[in-house]
S.K.: 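Take this structure first; my questions come after.
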2 protein chains.
Amino acid sequence: MGQTRTYTRALEQLRSVGLRPTRQRLALAKLLFEQGDRHVTAEQLHGEATDALVKVSLATIYNTLHQFVDAGLLREVVVEPGRSYFDTNTGDHHHFFHESQGDLIDINDNVLERANIPTPPDGTRVSRVDVVIRVRDEE
Amino acid sequence: MGQTRTYTRALEQLRSVGLRPTRQRLALAKLLFEQGDRHVTAEQLHGEATDALVKVSLATIYNTLHQFVDAGLLREVVVEPGRSYFDTNTGDHHHFFHESQGDLIDINDNVLERANIPTPPDGTRVSRVDVVIRVRDEE
DNA sequence: ATAGCTGCAAATGCTTTGCAAGGCC
DNA sequence: GGCCTTGCAAAGCATTTGCAGCTAT
């Protein structure tokens, strides 16, 4: 199993959404999608890339994350003012957010069923439902 | 009904949470709480204060908003990276968020009942549940 | 060849902070 | 008077942008 083989999945993933498989995008896709569901910030991913000896600038991390979001490979989650999380799980699900640790945890159990969603204002349609259950340490 | 009488409610509100009723805080409380439920950003409130000929610096707006949040008079709502909304409705309720207009609308119909909330991770307890239904213009 | 990427550094936008001057009790 | 507040300007962060050089097709 050579080094080239390692990137097959990421390569196909990028092709399928029409993004050029550059060295940076391949490496980031690999970091993001080949270890199960995860939630990362731009800064974190940048750190991981650096640790993996992949040279990528922070600007490229941001560009790439947003391209992945636009392509439907990632979902952006906003839980704190001034910081975005990117979730590799793009399916319909909610989150626990640990307020002091700044940690996101998926809730796969889908609490809010479609049927329960209130009718949106006239002239608009629902684009997404975000449910965040904020938790803190028990005293 | 003199000018002094006008500030009675705001004054009591501030006293009740132990904040000194300064000129700025009184004016902001009046703008925030005397026109029904509203959602404002710091910048917006600053504009309103200026329009009302109340001199307040943006730094004081931020300080005051956070003091009001800590005192339980306001609730902070995070829907966009890099911008905070402050909601005068501190009760249990959810929001529609109009993505292109950046507009928040209360949903008083409480969709997510307590009973439906999944059990939080061990050692933590639920501090709040945020539900944001993102909507966009119908094409 | 060329349209698309990348990276740097500078710019942006919101928010916070340090500290001197001012105001409330 | 003494402590809390305010305001300005500067600093802080996360994120975005402009643009010259590089790269996949």
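In what follows, chains carry the letters A, B, and so on, assigned in the order in which the sequence lines appear, proteins first and then strands, with residues in each chain numbered from 1. Keep in mind that the numbers below use all heavy atoms, side chains included, and drop hydrogens, waters and symmetry copies. Since the model is a prediction, treat every value here as computed from it, not as a measurement.
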S.K.: Quick one: CG on D103(A) to CZ on F97(A), what's the gap to the nearest 0.5 Å?
M.R.: 8.0 Å
S.K.: Of the nucleotides dG7(D), dG7(C), dC24(C), which one has an atom closest to the side chain of V56(B)?
M.R.: dG7(D)
S.K.: In whole angstroms, how far is the P atom of dT6(D) from the CD1 atom of I61(B)?
M.R.: 10 Å
S.K.: Between dT15(D) and H66(A), is there an OP1 or OP2 to side-chain N/O distance shorter than 4.0 Å?
M.R.: no
S.K.: Taking the nucleotide of DNA chain C with the nearest heavy atom to each, does R15(B) or R83(B) sit closer to the 5' end?
M.R.: R83(B)
S.K.: Need one value for T60(A): base, sugar-phosphate or nothing, where a base atom within 4.0 Å counts as base even if backbone is also close, heavy atoms only.
M.R.: base
S.K.: If hydrophobic clusters are built by linking Ile, Leu, Val, Met, Phe, Trp and Tyr wherever their side-chain heavy atoms come under 4.5 Å apart, do V132(A) and V78(A) end up in the same one?
M.R.: no
S.K.: Please confirm whether the shortest side-chain N or O distance from R25(A) to OP1 or OP2 of dC5(C) is below 4.0 Å.
M.R.: yes
S.K.: Return the nearest nucleotide to the side chain of S84(A); candidates are dC24(C), dT6(C), dT15(D).
M.R.: dT15(D)
S.K.: Taking the six-membered ring for Trp, are the ring centroids of F86(B) and H66(B) within less than 6.0 Å of each other?
M.R.: yes
S.K.: Choosing from dT5(D), dC25(C), dG7(C), which nucleotide comes nearest the side chain of R23(A)?
M.R.: dG7(C)
S.K.: Rounded off to whole Å, could you give me the CG-to-C1' distance for the L19(A) and dA3(C) pair?
M.R.: 14 Å
S.K.: Please tell me which of the listed nucleotides, dT6(D), dT15(C), dT25(D), lies nearest to the side chain of L58(B)?
M.R.: dT15(C)
S.K.: For E80(B) and dT15(C), give me the distance from atom CD to atom P, rounded to whole Å.
M.R.: 11 Å
S.K.: Is a side-chain donor or acceptor of T88(B) paired with a backbone partner of R38(B) at a separation under 3.5 angstrom?
M.R.: yes
S.K.: Base, sugar-phosphate, or nothing: which does P81(B) touch, judged by heavy atoms less than 4.0 Å apart?
M.R.: nothing
S.K.: Between F86(B) and R20(B), which has a closest nucleotide on DNA chain C that is more 5'?
M.R.: F86(B)
S.K.: Taking atom P of dC22(D) as reference, at what distance in whole Å does atom NZ of K55(A) sit?
M.R.: 12 Å
S.K.: Without decimals, in angstroms, what is the distance between L45(A) CG and dT15(D) C1'?
M.R.: 15 Å
S.K.: Can you tell me if Q24(B) touches the phosphate of dG23(C), counting only side-chain N or O atoms and a distance under 4.0 Å to OP1 or OP2?
M.R.: no
S.K.: Between L26(A) (CG) and dG4(C) (P), how many Å, whole number?
M.R.: 19 Å
S.K.: Atom OH of Y62(A) and atom P of dA14(D): how far apart are they, to the nearest Å?
M.R.: 7 Å
S.K.: Spell out, as yes or no, whether a donor-acceptor pair under 3.5 Å connects the side chain of R75(A) to the backbone of N89(A).
M.R.: no
S.K.: Quick one: is T22(B) getting a side-chain N or O under 4.0 Å of the dT6(D) phosphate, OP1 or OP2?
M.R.: yes
